[in-house]
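Structure first, commentary second.
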Amino acid sequence: MKLGAKAAFAAATLSAALCLTACGGNAAGPDAAGTTAGAAKTIKTMTLGSQADAKSLDPVDARTGHAMPIFQSVYDTLLLREPDGTISPMLATKWEYNTDNTVLTLSLREGVTFSDGAPLDAAAVKANLDNFKAAKGQDAYMVASVKEVTVVDPKTVAITLTAPDPAFEYYLTLAAGLMASPKALGTPELKTDPQGSGPYVLDKANSVKGSQYVFTKRDGYWNQDLQKFEKVTIKILPDATARTNALVSGQVDAALLDAKNGKQAEGAGLKLNKSQVDWTGILLFDRDGKISPEMANVKVRQAINYAFDRQTILNQQFLGEGTVTSQIFGPESGAYLPELDNRYPYDPAKAKQLLAEAGYPDGITIKYPSTASGDALNTVLAQQLSDVGIKLELETIPQPNFVADLAAGKYAAGSYSLAQARPWVSITQTIGTGALYNPFKTTTPELESLISEVQNGGEKSSELAKEVNRYVTENAWFAPLFRANLMYYTGKNVNVQTQAQQAVPSIYNYEPAK
């Protein structure tokens, strides 16, 4: 049986675990809390600046990342992912797999209702998971392994998988685990009028899609310790400069900025909360040489890795905010190997030597996609590669086409930033033959054996994934550059803790400052 980091979901324990480090309050704005004589000021509201909007408020349209706090405000998940990544109870109080890890049985919390009065029971969970799979939304891959959902009894549900999925519990803390009222599932109204069991309800009168969402504390919520504020507002501010101005002026209490805008925030006395969620670098797709024959030679791919002065690039492009690396798995992933961070130190002479040994002493040319937002970084990469004899022919393509073109195998390589997710998530998204970011479906018998061990490894799967990490790093499947710091700034009136493997903190991670 699994109980995450806790043996029980006691309110006081969960409250302590979810109260985290720094975020700013709207002390002077119309949503600010008042004060009473002789009493300390209390913050009743919180306003967040989000760079991403939700496609709709229907859970089938949820996508892991910047917009998750919008959904978490109104929907609980089956399992809870704490700030450090530990999985704990939420709507499910306990859960366990069968012996071959293909059936996950969940025991559900008593007394939980949705905002429209419907009860949270096994039938509601089955309806949600079936609907999420059938709708084929943005994060539908999370339930790709689900074969059948069975109601065992009103408070017990069994989820049968087609094969072991080491990331499935993790997915139940994200979009796949969001639970909506069964009365509202599949209705167009759910897209604008969410009916969840979460800590807040949407104030439709003061919410405007693309502008802001206002949520008020829900009466009768099952865990009042998660309701830190009377009202939460999430403003949609896709422009980093607009987020910076809103944060500095006190219009929002917390927002994600970049290293350059962060200097203005720091000058205004705002607090920086750092985390490293993504790795940035090059995906060397064409490992079998289907469109660029030279890329089939591992020495060419290794030469690309040796060509980069990672620290200088990090300093120039991100003001040094990050950590250089040669691996795609980060320290919180479970598959991280510290010695691989410097597997490919800057060594242009070594790069030239490897190219010559591969049969290309005069260098090679690679057609390379770029977008307006990525031109600055790609120009630097092209310059450093040219110094060792590798020419990048930069081809500018529209931003909306970028991922689709990479996934379609139109290019042998491309720059991107991807999450340092849990091992099985990274394997299924970037390494396995069915992965979106393995468009040529390259593999080897040795790698397939390692991946199979991870899939069937149960509790040991993350440890086993270290060998997958070692394999793809030594064989230069990628050319990682660095793990950039996410720069999450907060004011003086709210505390927050960053969320492992998520771009912004979960809504539960905030509390009024003491």
Side-chain angles (χ1 to χ4, degrees), residues 64 100-102 133 136-147 161-168 170-171 176 279 281-298 300-302 304-305 327-329 333-335 337 340 366 369 402-458 460-480:
T64 301
D100 67 357
N101 295 314
T102 57
K133 186 175 180 72
K136 295 181 170 57
Q138 297 178 97
D139 277 0
Y141 69 88
M142 293 182 176
V143 293
S145 63
V146 174
K147 179 181 180 181
L161 308 178
T162 56
D165 185 344
F168 191 64
Y170 168 75
Y171 292 149
W279 66 271
I282 301 176
L283 296 97
L284 303 174
F285 297 121
D286 197 12
R287 303 154 197 130
D288 287 340
K290 292 184 178 178
I291 61 176
S292 291
E294 306 90 343
M295 292 278 286
N297 193 311
V298 66
V300 171
R301 303 195 302 271
Q302 290 173 335
I304 291 172
N305 272 274
Q327 62 184 311
I328 69 169
F329 292 92
S333 70
L337 292 168
L340 294 183
I366 302 173
F402 188 74
V403 172
D405 284 354
L406 294 185
K410 293 184 179 181
Y411 298 94
S415 306
Y416 208 48
S417 292
L418 289 172
Q420 302 168 116
R422 295 196 171 208
W424 191 245
V425 179
S426 290
I427 288 170
T428 55
Q429 291 185 349
T430 64
I431 297 172
T433 54
L436 175 69
Y437 296 104
N438 184 6
F440 298 103
K441 302 187 184 302
T442 50
T443 191
T444 66
E446 181 181 355
L447 180 59
E448 285 299 300
S449 177
L450 294 174
I451 290 175
S452 179
E453 290 179 12
V454 175
Q455 183 173 15
N456 295 285
K460 299 179 179 179
S461 64
S462 291
E463 185 68 24
L464 291 166
K466 290 180 178 179
E467 292 309 309
V468 174
N469 183 12
R470 191 184 306 278
Y471 182 92
V472 298
T473 303
E474 294 293 340
N475 286 277
W477 272 43
F478 310 94

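Since this is a predicted model, take the numbers as computed values, not measurements. Nothing fancy with the numbering, it's 1 onward along the sequence. These numbers come from the heavy atoms of this one structure, side chains and all, not from hydrogens, waters or symmetry mates.
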Who passes ring-ring contact (aromatic ring centres under 6.0 Å, His included) against [X], sequence neighbours left out?
X: Phe329; value: none
X: Phe402; value: Tyr416
X: Phe285; value: none
X: Trp424; value: none

Side chain proximity check, [X] to [Y], heavy atoms < 4.5 angstrom:
X: Asn305; Y: Pro480; answer: yes
X: Phe478; Y: Leu418; answer: no
X: Thr430; Y: Asn438; answer: no
X: Tyr437; Y: Val403; answer: yes

All side-chain hydrogen bond (donor to acceptor under 3.5 Å, both in side chains) counterparts of [X], not counting sequence neighbours:
X: Asn475; value: none
X: Ser462; value: none
X: Ser417; value: Thr280
X: Thr473; value: Asn469

Would you list the pairs meeting salt bridge (Lys or Arg N to Asp or Glu O under 4.0 Å) in which at least one residue belongs to residues 466-475, sequence neighbours left out? Glu339-Arg470, Arg343-Glu474, Glu463-Lys466, Glu467-Arg470
For the pair Arg301 (side chain) and Met295 (backbone), establish whether a donor and an acceptor sit closer than 3.5 Å, ignoring hydrogens and angles. yes
Sub-3.5 Å donor-acceptor pair from the side chain of Glu453 to the main-chain atoms of Leu464, do we have one? no
Asp405: salt bridge (Lys or Arg N to Asp or Glu O under 4.0 Å) partners, not counting sequence neighbours: Lys410
Using the salt bridge (Lys or Arg N to Asp or Glu O under 4.0 Å) criterion, which residues pair with Glu448? Sequence neighbours excluded. none
Would you please name every residue forming a side chain to side chain contact (heavy atoms under 4.5 Å, CB included) with Asn101, sequence neighbours left out? Tyr97, Pro164
Thr444-Tyr471 side chain donor-acceptor pair, cut-off 3.5 Å: yes
